[in-house]
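Keep in mind that this is a model prediction, so the values were computed, not measured. Throughout, protein chains are lettered first and strands after them, A, B, ... in sequence-line order, and every chain is numbered starting at 1. As a basis for the values below, the full set of heavy atoms in this structure was taken, side chains included, without hydrogen atoms, waters or symmetry mates.
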Amino acid sequence: MAEKQKQNEKKVPPRSEDFAAWYNDICLRAELADYSPVRGCIVFRPDGFAIWEELRDELDRRIKQTGARNAYFPLFIPQSFLQKESQHVEGFAPEVAVVTHGGGKELEEPLIVRPTSETIIHHMMTQWIQSHRDLPMMLNQWANVVRWEMRTRMFLRTAEFLWQEGHTAHATREEAERETLTMLEVYRKFVEEYLAIPVVVGRKSAAERFPGAVETYAIEGLMGDGRALQCGTSHFLGQNFSKAFETRYLDDQNQLQYVWQTSWGVSTRLLGAIVMAHGDDQGLRLPPPVASTQTVVVPIFRKPEEAAVVLPAARAAFDALTHAGIRTRLDDREGLTPGFKFNDWEMRGVPVRIEIGPRDVASGEAVLARRDKSGVEAKSKKPLASIADSVKAMLAEIQQSLFAQAKAAMVANTRQFDDYASFKKHMEGSGGGGFADVYWCGNPVCETRIREETKATCRVIPLEQSGTAGKCLVCGESASERAYFAKAY
RNA sequence: CGGGACGUAGCGCAGUCCGGUAGCGCACCUGAAUGGGGUUCAGGGGGUCGCGGGUUCAAAUCCCGCCGUCCCGACCA
């Protein structure tokens with residue numbers, strides 16, 4: 001009840017007090033999304049969808065640079081397709097939505113609403129691939145998928161979500177493995193550079209692997225509460241699907257061969273990652289590249305004669321910024337105090353706010369307030385004449401600083417443990433606990449014990465290893481690799 | 001799917017025990033003043049009390065049934 005009452009107060013609940021309530025409240029208040037009448041589904045409001053659009057456009061460019069091309073496959077998939085790969089069906093069947101009726105009649109074969117598109121895309125690839133000259137085949141699609149989840153959380157887990165799923169087929173194992181890692185690196189760079197969210201990169205344990213994959217790789221971020229969030233995955237599928245779907249080609253020796261495949265994706269979950277990795281007590285803090293409003297101009301005046309000088313100056317600044325390619329808004333709403341507007345735009349995460357009042361017009365300056373800092377550090381005066389240059393430079397600095405802050409938080413929240421008791425004690429505490437960097441022998445029994453006793457799971461086995469061996473945190477047997485464990489979303 | 005709570009204005013809630021004119025805060029609309037960090041005052045609009053049935057002169061309130069939502073546990077991008 002206390003949680004509900006907070007939503008009605010003016011102030012955002014402090015992030016540190018109740019992270020879950022804070023997160024929900026921010027998503028709703030900043031108008032990123034709203035609940036829908038359909039259980040488990042959310043509505044993306046314009047401010048939230050704009051972030052997705054910016055992110056999507058940039059990632060789409062980067063994906064195309066690797067040689068993949070976009071296509072679009074149907075939402076409906078024959079139920080029998082899902083059943084062709086045994087691991088795959090086992091993993092997805094429980095959460096699949098099934099269409100049994102259409103046109104007023106029961107369908108001869110039920111259709112599933114795609115939870116992911118491996119099966120239908122591989123089915124089509126089988127038709128399209130005959131020769132080694134048809135390879136590699138690299139496809140990507142931007143689509144919605146449905147997974148019937150029992151528990152949902154805004155952006156992080158919803159019954160329907162938007163994503164990008166890449167599917168590639170290659171002549172050799174080596175080439176497919178290389179593609180898997182290439183895309184993993186595309187995701188790492190994208191999430192770190194564009195969203196300013198630092199991640200750890202690595203391989204998933206067998207238990208966390210994508211159903212049907214030989215190997216799954218992921219990038220994992222750490223959220224503001226110390227819990228981990230999987231931000232993107234890249235799977236090496238081996239020949240599991242090509243054997244199930246008979247996807248074969250004739251090689252240059254005229255021998256029939258099964259193709260080697262990959263799939264990789266990121267979803268609207270990244271919006272949740274942005275909120276949780278950067279947000280603070282005042283609300284959202286958007287990385288400039290994805291902010292639908294990068295800067296807002298707030299004119300300040302009391303009397304009509306002040307408005308007469310301030311408003312034209314504010315409009316001139318707005319025009320200059322817009323012409324410089326900066327996504328700008330002019331907040332000339334009447335009847336709201338400047339203080340209210342400041343708080344409002346801070347809550348919505350706008351990176352730079354520009355205050356223009358009579359004093360500023362007189363001195364030919366404007367007050368710039370940057371969202372990545374607080375207090376006196378956040379405000380500075382800049383000449384109105386070159387406002388666009390100042391804002392542009394500031395946006396770049398903010399991007400760097402948001403990443404640096406998130407990186408520092410991740411480093412501070414990553415701890416090495418070499419005895420199980422202290423690890424367990426640390427993870428048992430309330431809150432996330434951050435990343436635990438530990439030696440693990442690779443035995444699923446040890447992994448299960450950790451999960452059951454601490455709720456932490458193996459997030460990733462980092463690609464970069466020191467090379468030195470140690471003893472497994474749980475069983476004490478020799479372990480050749482370190483793994484990151486954390487409580488995850 | 002198991003355990004708990006809840007459903008009354010757009011949102012958050014009181015009223016339910018003990019039946020008797022539908023209430024508060026926020027938001028919204030109008031007006032005036034205010035305006036460099038969440039303004040103030042005045043006036044105003046808005047509800048088949050989740051749905052269906054029953055008891056009663058009378059039901060938000062009591063009884064029965066249904067539906068839905070949220071929280072906690074097992075599975076998941």
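Among the heavy atoms of the strands, none lies under 4.0 Å from A/L229. Within the 4.0 angstrom heavy-atom criterion, base atoms lie near A/E355. Counting any heavy atom pair closer than 4.0 Å across all strands shown, A/P94 reaches no nucleic acid atom. Across all strands, A/T337 comes closer than 4.0 Å to base atoms (heavy-atom distances). Counting any heavy atom pair closer than 4.0 Å across all strands shown, A/G91 reaches no nucleic acid atom. Note on A/V367: a base of the nucleic acid sits closer than 4.0 angstrom, heavy atoms only.
The side chain of A/R359 approaches B/G36 more closely than any other nucleotide in the set B/G38, B/G36, B/A77. Of the candidate nucleotides B/A77, B/G35, B/G38, B/G38 has the atom nearest to the side chain of A/N343. For A/R353, the listed nucleotide lying nearest its side chain is B/G37; candidates were B/G36, B/A77, B/G37. In the set B/U39, B/G73, B/G35, B/G73 carries the atom at the smallest distance from any side-chain atom of A/K455. Distances were taken from every side-chain heavy atom of A/F340 (C-beta onward) to each of B/G38, B/G35, B/G37; the shortest belongs to B/G38.
Of the nucleotides present, none pairs with B/C17 by Watson-Crick or G-U wobble criteria with both distances under 3.5 Å. Across all strands shown, B/C1 forms a Watson-Crick or G-U wobble pair, both distances under 3.5 Å, with B/G73. Using Watson-Crick or G-U wobble geometry with both donor-acceptor distances under 3.5 Å, B/C41 finds its partner in B/G31. Pairing partner, B/C24: B/G12, with both Watson-Crick or wobble hydrogen-bond distances short of 3.5 Å. The nucleotide B/U61 finds no pairing partner, because no Watson-Crick or G-U wobble arrangement with both distances shorter than 3.5 Å includes it. Remark: B/G7 base-pairs with B/C67. Criterion, Watson-Crick or G-U wobble with two distances under 3.5 Å.
Taking side-chain N and O atoms only, A/K379 has no distance below 4.0 Å to OP1 or OP2 of B/G36. When the side-chain nitrogen and oxygen atoms of A/R269 are compared with OP1 and OP2 of B/A77, none of them lie within a distance under 4.0 Å. For the pair A/R153 and B/C70, the criterion of a side-chain N or O lying under 4.0 Å from OP1 or OP2 is not met.
Inter-residue side-chain proximity for A/L284 and A/R348 is flagged as unmet; no heavy-atom pair is nearer than 4.5 Å.
Aromatic ring pairs are classed by plane angle as parallel below 30°, tilted from 30° to 60° and perpendicular above 60°; the pair A/F190 and A/Y194 is parallel. Taking the six-membered ring where the residue is Trp, A/W260 and A/F236 present parallel rings, their angle staying beneath 30° rather than reaching 60°. By the 30° and 60° cut-offs, the orientation of the rings of A/F245 relative to A/H122 is perpendicular.
Only the C1' atoms considered, B/C26 is 15 Å distant from B/A14, to the nearest whole Å. With both ends at atom C1', the span from B/G38 to B/G50 equals 35 Å, rounded to whole Å. Separating the P atom of B/U61 from that of B/U21 is a span of 14 Å, rounded to the nearest Å. For the P atoms, the distance from B/G19 to B/U56 is 16 Å, rounded to whole Å. Look at the C1' atom in both B/C1 and B/G45: the space between them is 46 Å, to the nearest Å. When the P atom is compared between B/A58 and B/G20, the two are found 15 Å apart, to the nearest whole Å. Here, B/G46 and B/C24 have their C1' atoms 15 Å apart, quoted to the whole Å. B/C13 sits 14 Å from B/A22 when the C1' atoms are compared, rounded to a whole Å.
Contact detail for A/M394 and A/K382: the closest heavy-atom pair is CE-CE, 4.4 Å.
With respect to A/E220, the side-chain contact (heavy atoms from CB on, under 4.5 Å) criterion is satisfied by exactly one of A/V199, A/L229, A/T233, A/V200: A/V200.
Across the protein-nucleic acid pair, A/I356 atom CD1 and B/G35 atom C1' stand 16 Å apart, rounded to whole Å. In this structure, A/R371 atom CZ and B/G37 atom P are separated by 17 Å, rounded to whole Å. Rounded to whole Å, atom P of B/C28 lies 10 Å from atom CZ of A/R333. Nucleotide B/A33 holds its C1' atom 14 Å from the NZ atom of A/K303, rounded to whole Å. Separating the CZ atom of A/R348 from the C1' atom of B/G38 is a distance of 14 Å, rounded to the nearest angstrom. In this structure, A/E452 places its CD atom 14 Å from C1' of B/G73, rounding to the nearest Å. Counting to the nearest Å, the P atom of B/G36 and the CD1 atom of A/I354 are 19 Å from each other. Per the geometry, CG belonging to A/L28 stands 13 Å off C1' belonging to B/G10, to the nearest Å.
The pair A/R29-A/D25 counts as a salt bridge, with a side-chain nitrogen and a carboxylate oxygen less than 4.0 angstrom apart. Between A/R370 and A/D372, at least one side-chain N (NZ, or NE/NH1/NH2) sits under 4.0 Å from a carboxylate O, which counts as a salt bridge. Taking 4.0 Å as the cut-off between side-chain N and carboxylate O, A/R459 and A/E208 count as a salt-bridged pair. A salt bridge links A/E355 with A/K379; the closest basic N to acidic carboxylate O contact falls under 4.0 Å.
A residue-by-residue look at A/A488 and A/Q282 shows that A/Q282 has its nearest nucleotide of RNA chain B further toward the 5' end. Where A/F342 and A/R451 meet RNA chain B, the nucleotide closest to each residue was compared, and A/F342 sits on the side nearer the 5' end.
Not a single donor-acceptor contact under 3.5 angstrom links the side-chain atoms of A/D344 to the base of B/G38.
Residue-nucleotide stacking is present for A/F161 and B/A77, judged by a side-chain ring centre under 5.5 Å from the six-membered base ring centre and planes under 30° apart.
Against RNA chain B, the stretch residues 187-222 of chain A makes no heavy-atom approach under 4.0 Å.
The salt bridge (charged side-chain N to carboxylate O under 4.0 Å, His left out) check on A/R302 picks up nothing, with sequence neighbours excluded.
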